[in-house]
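The analysis underlying the following values was restricted to heavy atoms, covering all of them including side chains, and did not include hydrogens, waters or symmetry mates. A, B, ... follow the sequence lines: proteins, then strands. Residue 1 opens every chain.
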2 protein chains.
Amino acid sequence: MGKYEKIIELARRRGFFWPSAEIYGGVRGFIDFGPLGCLLKRNIIEKWRKFFVYPHQDFIVEIETPIIMPAKVFEASGHVEHFTDYIVECLKCGRKFRADHLIEEQTGLSGLEKYSERELTEIIRKYGVKCPECGGELSKVRKFNLLFKTVIGPYGGNIGYARPETAQGMFISFKRVYEVVRRKLPLGIAQVGKVLRNEISPRQGPIRLREFTIMEIELFFDPTNPKCSLIEEVKEDVLRILPAERIVKGLKEPMELTVEEYLERKIISNEWLAYFMTVGQRFIESLGIPREKQLFIEKLPEERAHYAAQTFDQTVHVDRWGWIEVAGHAYRTDYDLKRHMKFSGEDLRAFEPYPKPKVYRRKTIRLNYRRIGPKFRGRIKELEELIKNLSGEEIESLIEKVEKEGKVKVGEFILTKEDFTIIVEEHVESGRRFIPHVSEPSYGVERVLYVTLEYAYTEKEGRIVLKLPPDIAPIKVAVFPLLSREPYVSKAKEIYRMIVSENILCLYDDAGSIGKRYARADEIGIPLAITIDAETFEDNTVTLRDRDTWHQVRVPITQLTNIIKDYISLKITFKDLEKKYLRVK
Amino acid sequence: MGKYEKIIELARRRGFFWPSAEIYGGVRGFIDFGPLGCLLKRNIIEKWRKFFVYPHQDFIVEIETPIIMPAKVFEASGHVEHFTDYIVECLKCGRKFRADHLIEEQTGLSGLEKYSERELTEIIRKYGVKCPECGGELSKVRKFNLLFKTVIGPYGGNIGYARPETAQGMFISFKRVYEVVRRKLPLGIAQVGKVLRNEISPRQGPIRLREFTIMEIELFFDPTNPKCSLIEEVKEDVLRILPAERIVKGLKEPMELTVEEYLERKIISNEWLAYFMTVGQRFIESLGIPREKQLFIEKLPEERAHYAAQTFDQTVHVDRWGWIEVAGHAYRTDYDLKRHMKFSGEDLRAFEPYPKPKVYRRKTIRLNYRRIGPKFRGRIKELEELIKNLSGEEIESLIEKVEKEGKVKVGEFILTKEDFTIIVEEHVESGRRFIPHVSEPSYGVERVLYVTLEYAYTEKEGRIVLKLPPDIAPIKVAVFPLLSREPYVSKAKEIYRMIVSENILCLYDDAGSIGKRYARADEIGIPLAITIDAETFEDNTVTLRDRDTWHQVRVPITQLTNIIKDYISLKITFKDLEKKYLRVK
């Protein structure tokens, strides 16, 4: 059994996740999170906030926008037109498949993103690709839009789509959020929420889902000032990157340079992109995935989403599929705001006040009707029209000329100094208006969760030990009476209640041998286990066992909740406890 | 301006919430949560967990199931048939309205839930109800299903619906979760998540939404053992209830009895329902809404959802609409599990092992073919068929008769003792199988959030002070340099960073006078404000100001994060601080 199968088995048996609607035969691309999975997912999301949002709270704010949005939003964003996959149908059994995946599977070809429907159809004919289910002939390839469509309200024409990314919510509310934060840039708008993608034929469990959760930030910055003030803090971090220039040459060896070097060589196109990639590498590392198992792969131009000028897939190596994407880091430029400005007619530009308002003097002229009236008679309107259409510069040169030469020709009219008055107007420009550019780190929670489980999964003496970092482990501590009888049980329950009253997730278990109970706790990644034994009644101490080393120490009950809190917030390690308290052999 | 308008204005201006897709003219029934609203919503959800989930973690687990579910689920649940509202269309302008709301508005009638389409149409004719927009005649009333419909995958026939409640996710995964928790009852399955209801014409801002978040628990219990083990802890709590028996008599005065009394008088039909109502009252009270502003209103049979045997709406009194529902407490019986058993063909029953397996002895008979062969010749099959169709009891009495009388008649056949052998079979029954019953507390987060804001909203000296409880306040603390220059600014930023590093939500502000900054902080409910002044540089203390009393104390910087943590987790009050530290005049 491969690691993937082992994790799927554990996930189902112990309640991390399983296919949705099992009693109705399941529905592909949807999973349920069970009690443990739900907690793990929440802890991962909270940890993401600790890396991406909380430390940047002076310029990154989190919002929540709806899943269902009116059609116009996705017409503007380009998703109605571009958010498609290629689909092909078996002419014999009627089954439908994603064309590129089917071709890849049967021919070994790759890099199919660059082909059109027609070209993919040709490849199918040329290589004799057939229906994998019944061997039937395949139809022509066509585009299939992945947006889930519905109708909002009782009027049939009011189309709505389920969002395939949370990003559009940030773009269309940018103006309001920008006002709320008192018009400061850079401004990051974060969102964690469900998205839906109507995949043609998802078959990879938690890796390819139709409904999943995204954690993303749209970082809006002034394109004339693309500096990231925090770049200093990460510039020495080494990233493993496989840039497009290497991929097109057929090279597979990643580069390993510092952030500073990547920026100097312009391999990463802007500082914000580089900053979040680095934070992202640290984040994924903190979940237990070493840096050498992480890789940023740049997308080739033909692979990139329609809105992106540069994209890096942040990938993690997994046992079954090799490098899989857990996040996309995209430089979306001003694409989205520009499109929404066009489609909505609203001004979504940011405003930068000048240190001092700029004052312009502009000269205009007012005709002196008392003089020109008699002079030009019935042609006054014609003259007015001519003057109205002059640009600011043309007026300036007209004035210049009349001051130098005493007269000037406007169309067929000859005007002298006395025919008009010169007026000086003052214009104040208080700042500059511009469309911000956007850098976006976007994480798929379910994939992050899966890779976290895969790297936490270990076996020891024939048993599963799930070495989840203590801060994301679903249940933090187990409480066991050594023997399933009094007074052990009452004391254990008392300690259980003490821990629960601090809102710490805790498990009480008195069923079966102590060995079996440890095994059950290890399997679901409970970092600490407390055992109440005979000594407890003598000196008010309990044993505290470490999931990873199986070492034990004796600690006073009075210290217990503080120790647990410090341990699960990563303030202390088990080694620290071994130094401080008596080790149990 | 009423309180509702004031809150909507504040919410929009400071970033709690606003209508979605504003730049596209908005779309009714959808709101965005801005930076503050997003935090407040999350804090309310987490507080709900502290009341409903964490203290019960030995029998309540939280899961997460998809928003989009296959049609079959909602056919089974009854939503495809019953989850409807009455709609009426203007024959002149084509606008559509919710029939009952329109009749209520124009006639003052109420309690319209009991009428059919035909009867509502008659009422419209009788009272001359017209289109409120153009005065046009109205169409016949018809049913409109509130489920958002979509298609899953590339096959047009695969209908999916967006869930209108999270509950069905718990019902269809009940079997799996029950296995995961090692088959223990009572079992509560909790879920917090988005739901969608395609309201006909929502017009009440955050009160009636098409997309909103629900926090609910399905508590599965054995109907032969409906005891709630925690009822002792709440039995003396007084609930304000307006029961159906009073409502039908036209009485409007609620009862005020203890939980124990309500149960004795059978006004609340089961202990679990009563338990969660009490927890619910405490929860809403903890958000700042006093008990006398809360009321449980029982739904009349014709008002109840199709699945419920008893329902109480938990309501809160608001300025604009009077009593509005923030939660429903429903006794759903075994309705849902029974329906899903029928529609899926799966056995969703729970199992209760007997303390000792029950052993039954059952007697059967085996024909002695050597004797009956010659005796009945070609009619053996007929005899076999007759015997096969006998019930256990009939066999018993047959045996009894043959033992007493030597022979017995089966149909037309007369059998003697020697014609068959008596066989004694042992059956072991290890437990009882039954369909659990369900009690459900279900909270709408957006409504809870709205009423929380309404009760927090106060005005003082012409300014808004939002007195949110410190544990749910979006931003916990503000840091101000007294003067917007050095060394105040640097010191303030240093303190800001110290607080942020503990993942506490904190605001730094140095713009405008200190009075304006306090006002801005009070308006968004920041409970504590720290000011760095000249004394800070002498003795390393800062002033700490209470939002609600505007009192100030001087505290050492070294104590700051501990004080903040204790304050926002409600371990200490500002009064405690005033006793301990020097008050500033």
Next item on the list: Measure distances from R197(B) to the heavy atoms of chain A and classify the residue's part below 4.5 Å as side chain, backbone, both or neither.
Entry: neither
Checklist line | F33(A) CZ to S173(B) OG distance, which is reported to the nearest 0.5 Å | finding: 13.0 Å
Next item on the list: Write down the atom of F30(A), the atom of P66(B), and the distance for their closest heavy-atom approach.
Entry: CD2-CB, 3.7 Å
Notebook entry, point to check: Is it the side chain or the backbone of K493(B) that comes within 4.5 Å of chain A heavy atoms, both, or neither?
Noted result: neither
Next item on the list: Against chain A, label I200(B) side chain, backbone, both or neither, depending on which of its atoms sit under 4.5 Å from a heavy atom there.
Entry: both
Checklist line | chain A contact via P55(B) - side chain, backbone, both or neither, heavy atoms under 4.5 Å | finding: backbone
Notebook entry, point to check: Given a strict heavy-atom distance threshold of 4.5 Å, which part of F148(A) is in contact with chain B: side chain, backbone, both, or neither?
Noted result: both
Check: Which pair of heavy atoms, one from W18(B) and one from V180(A), lies closest together, and at what distance?
Finding: CZ3-CG2, 4.2 Å
Check: If you count heavy-atom pairs under 4.5 Å between each of S501(A), G29(A), G34(A), P154(A) and chain B, which one has the most?
Finding: P154(A)
Item checked: Region of K194(A) that comes under 4.5 Å of a non-hydrogen atom in chain B -> side chain
Next item on the list: Would you mind checking if R42(B) and E62(A) are paired as a salt bridge, meaning a charged N to carboxylate O distance below 4.0 Å?
Entry: yes
Check: Hey, does the side chain of N198(B) reach the backbone of G153(A) with a donor-acceptor pair shorter than 3.5 angstrom?
Finding: yes
Notebook entry, point to check: So which of V61(B), I475(B), D32(B) has the largest heavy-atom pair count under 4.5 angstrom toward chain A?
Noted result: D32(B)
Notebook entry, point to check: Which one, Y155(A), F144(A), F212(A), leads in non-hydrogen pairs under 4.5 Å with chain B?
Noted result: Y155(A)
Margin query: If we define contacts as heavy-atom pairs under 4.5 Å, which of R12(B), R28(B), R13(B) has the most with chain A?
Written below: R12(B)
Checklist line | R49(A), part contacting chain B, at a heavy-atom distance under 4.5 Å | finding: side chain
Next item on the list: Please state whether the side chain, the backbone, both or neither of L348(B) comes within less than 4.5 Å of a heavy atom of chain A.
Entry: side chain
Margin query: Between Q57(A) and V500(B) (side chain of the first, backbone of the second, donor and acceptor by atom type, cut-off under 3.5 Å), is there such a pair?
Written below: no
Check: With only heavy atoms counted, which part of R98(A) is less than 4.5 Å from chain B, the side chain, the backbone, both or neither?
Finding: neither
Note to self: Heavy-atom cut-off 4.5 Å, strictly under: side chain, backbone, both or neither for V27(B) against chain A?
What the structure shows: side chain
Next item on the list: Can you tell which part of I68(A) gets under 4.5 Å to a heavy atom of chain B, answering side chain, backbone, both or neither?
Entry: both
Check: chain A heavy atoms under 4.5 Å from F343(B): which part of the residue, side chain, backbone, both or neither?
Finding: both
Checklist line | Distance in Å, I23(A) CD1 paired with M341(B) CE, rounded so as to fall on 0.5 Å steps | finding: 10.0 Å
Check: So how far is it from T65(A) OG1 to I31(B) CD1, rounded to the nearest 0.5 Å?
Finding: 11.5 Å
Item checked: Residues, nucleotides or ligands: over 12 heavy atoms within 6.0 Å of K149(B) NZ -> no
Notebook entry, point to check: Taking every heavy-atom pair that is under 4.5 Å apart, which of R497(B), K41(B), Q191(B) has the most such pairs with chain A?
Noted result: K41(B)
Margin query: Contact between Y54(B) and E502(A) at the side-chain level, heavy atoms closer than 4.5 Å - yes or no?
Written below: no
Next item on the list: Give me the one residue out of K72(A), E346(A), H340(A) that meets side-chain hydrogen bond (donor to acceptor under 3.5 Å, both in side chains) with Y24(B).
Entry: H340(A)
Next item on the list: Against chain A, work out which of V151(B), I67(B), I172(B) has the most heavy-atom pairs shorter than 4.5 Å and name it.
Entry: I67(B)
Notebook entry, point to check: Of the backbone (N, CA, C, O) and the side chain (C-beta and beyond), which part of R14(A) lies under 4.5 Å from a heavy atom of chain B, both, or neither?
Noted result: backbone
Item checked: Region of L505(A) in contact with chain B, defined by heavy-atom distances below 4.5 Å -> both
Checklist line | Part of S20(B) within contact of chain A (heavy atom distance under 4.5 Å) | finding: side chain
Margin query: Less than 4.0 angstrom from a charged side-chain N to a carboxylate O is my criterion; do R182(B) and D509(A) meet it?
Written below: yes
Check: Can you check whether T213(B) reaches E64(A) side chain to side chain, under 4.5 Å on heavy atoms?
Finding: yes
